Amino acid sequence: MEHWMDETDYRIMRLLQQNARISISQISKEVSMSQPSVRERIKRLEEKDIISGYTATFRHEALDRGTTTFFLVKTEQCQDLVDFCEQTPVVTDMFRISGEYNYMIRIQTGSIEEVGQFQDTIIKFGPSKSLISLKNLIENRILL
């Protein structure tokens, strides 16, 4: 982390991570600072790309995407696999990993059948292993 950041910056970031829609006035009350000072700190954190964006989280079950599956993939067709995953709506995350497999892909589907369909489409890239999540025990953890 940057050495110029102080505890107030971390408190502001915690508040934004808990609720990205929190108002500047509410943050200023929470950290006992003026609104212009809070606004300036947030602007500086954005300019330094420490705050890289604001997002909403969704309940996958409500969107008929309640089945989470991880795929471990071993491939030499790296760019083709990346391109495929970027164009495939069920893919939510893709990681380059170490070990026997070189990619881990997370998908959100509405059924086990869709998991099978996805597995059928990635078979051309090489061996894979699927891990279906039974329950997410820690979700969207606050990092700070």
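Model, not experiment: these values are computed from the prediction. Both backbone and side-chain heavy atoms feed into the values below; hydrogens, waters and symmetry mates do not.
For S128 against V73, the heavy-atom pair with the smallest separation is CB-CG2, 4.1 Å. The two atoms that bring T75 and N102 nearest to each other are O-ND2, 2.8 Å, heavy atoms only. Taking all atoms of both residues into account, the shortest heavy-atom contact from C85 to V91 is O-CB, 3.7 Å. Summarising the geometry of F58 relative to L63, their closest heavy-atom pair is CB-CD1, 3.8 Å, with the distance given to 0.1 Å. Taking every heavy atom of both residues into account, E30 and L15 meet most closely at CB-CD1, 3.6 Å. Heavy-atom minimum distance, Y54 versus A20: CD2-CB, 4.0 Å.
Put simply, CD on Q35 and CE on M33 are 12.5 Å apart, with the number rounded to the nearest 0.5 Å. Interatomic distance, I107 CD1 to M94 CE, rounded to the nearest 0.5 Å: 12.5 Å. With values rounded to the nearest 0.5 angstrom, N136 atom CG is found 7.0 Å from T68 atom OG1. To the nearest 0.5 Å, the span separating CZ on R14 from CD on Q17 amounts to 9.5 Å. Here the CD1 atom belonging to I12 is positioned 8.0 Å from the CD1 atom belonging to I24, to the nearest 0.5 angstrom. One finds the CD atom of E40 at 10.0 Å from the CG atom of L45 (value rounded to the nearest 0.5 Å).
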List the steps, then state whether side-chain contact (heavy atoms from CB on, under 4.5 Å) holds for K48 with M5.
CA-CA 11 Å; K48 296 276 188 187; M5 291 172 50; over 6 Å; no
Start with the C-alpha distance between E100 and L72, add both sets of side-chain angles, then the distance that settles side-chain contact (heavy atoms from CB on, under 4.5 Å), and finish with yes or no.
CA-CA 9 Å; E100 179 183 350; L72 300 173; over 6 Å; no
In sequence, state the C-alpha distance, the side-chain angles, and the governing distance for L16 and I42, and then conclude on side-chain contact (heavy atoms from CB on, under 4.5 Å).
CA-CA 10 Å; L16 287 168; I42 291 172; 4.2 Å; yes
Given R41 and D6, is the side-chain contact (heavy atoms from CB on, under 4.5 Å) satisfied, shown in steps?
CA-CA 11 Å; R41 281 178 180 257; D6 63 13; 2.8 Å; yes
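Follow the hydrophobic side-chain contacts under 4.5 Å out from I105 and you never reach Y101; the two are in separate clusters. At a threshold of 4.5 Å between side-chain heavy atoms, the hydrophobic network of Ile, Leu, Val, Met, Phe, Trp and Tyr places I122 and I112 in two separate groups. Following chains of ILVMFWY side-chain contacts shorter than 4.5 Å, one cannot reach L81 starting from F70, and the two form parts of different hydrophobic clusters. The hydrophobic cluster containing M104 also contains L131, counting ILVMFWY residues as joined when their side-chain heavy atoms lie under 4.5 angstrom apart, directly or transitively. Hydrophobic cluster membership differs between V90 and I132, with clusters built from Ile, Leu, Val, Met, Phe, Trp and Tyr side chains linked at under 4.5 angstrom.
Pairs passing the salt bridge (charged side-chain N to carboxylate O under 4.0 Å, His left out) check and including a residue from residues 113-140, sequence neighbours excluded, read R65-E114.
Looking at residues two or more places apart in sequence or on another chain, you find a side-chain contact (heavy atoms from CB on, under 4.5 Å) between T92 and R106, Q108. Residues satisfying the ring pair (Phe, Tyr, Trp, His ring centres under 6.0 Å) test with F71, not counting sequence neighbours, are F118.
Counting non-hydrogen atoms of neighbouring residues, nucleotides and ligands closer than 6.0 angstrom, the CD atom of E76 reaches no more than 12 such neighbours. Counting non-hydrogen atoms of neighbouring residues, nucleotides and ligands closer than 6.0 angstrom, the CZ atom of R21 reaches no more than 12 such neighbours.
With contacts defined as side-chain heavy-atom distances shorter than 4.5 Å, the pair D83/Q79 qualifies. A heavy-atom distance below 4.5 Å is found between the side chains of W4 and D9.
At least one donor-acceptor pair closer than 3.5 Å links the side chain of T109 to the backbone N or O of S111.
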